[in-house]
Amino acid sequence: MNLVMTMISISIALSLILAVVSFWLPMITPDHEKLSPYECGFDPMGSARLPFSLRFFLVAILFLLFDLEIALLLPLPWADQLSDPLLAFTWACMILILLTLGLAYEWIQGGLEWAE
């Protein structure tokens, strides 16, 4: 029981210390940028009718696509316990090849360039 109480008291103390530091540290030198709300690169006080950058949208969608590929590859380490692990490895390789070809296509088409 002593070990459990020690672990609980250490975790509570560490949580309190981190919470105090996280509130205290940003207040050391506040400036205009830290005090302004962050609106994804847009001026929050400007017009809401400004055109949206299509390149930003395309790069965000590409990031989501390549980030979601991890969810498809997560079962791969457990595939060696299947009766035919080569099949799971083949599917994983096909997914990676398809995503690599898609990335190469976007790169060649200039979809990853921020400026024209």
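Every value quoted in this text rests on a predicted model; they were computed, and no experiment measured them. Nothing fancy with the numbering, it's 1 onward along the sequence.
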* Taking the side chain as every heavy atom from C-beta outward, state whether L103 and T100 have any pair of such atoms under 4.5 Å apart. => no
* With L99, the side chain to side chain contact (heavy atoms under 4.5 Å, CB included) member among I95, L101, I97 -> I95
* To do: Going by the side chain to side chain contact (heavy atoms under 4.5 Å, CB included) test, name the single residue among T90, L98, L96 that passes it with M94.
  =>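 In the set T90, L98, L96, the residue that makes a side chain to side chain contact (heavy atoms under 4.5 Å, CB included) with M94 is T90.
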* **Interatomic spacing from CG in L14 to CD1 in I12 - rounded to 0.5 Å** => 11.0 Å
* Can you tell me how far CG of L86 sits from SG of C93, rounded to the nearest 0.5 angstrom? -> 9.0 Å
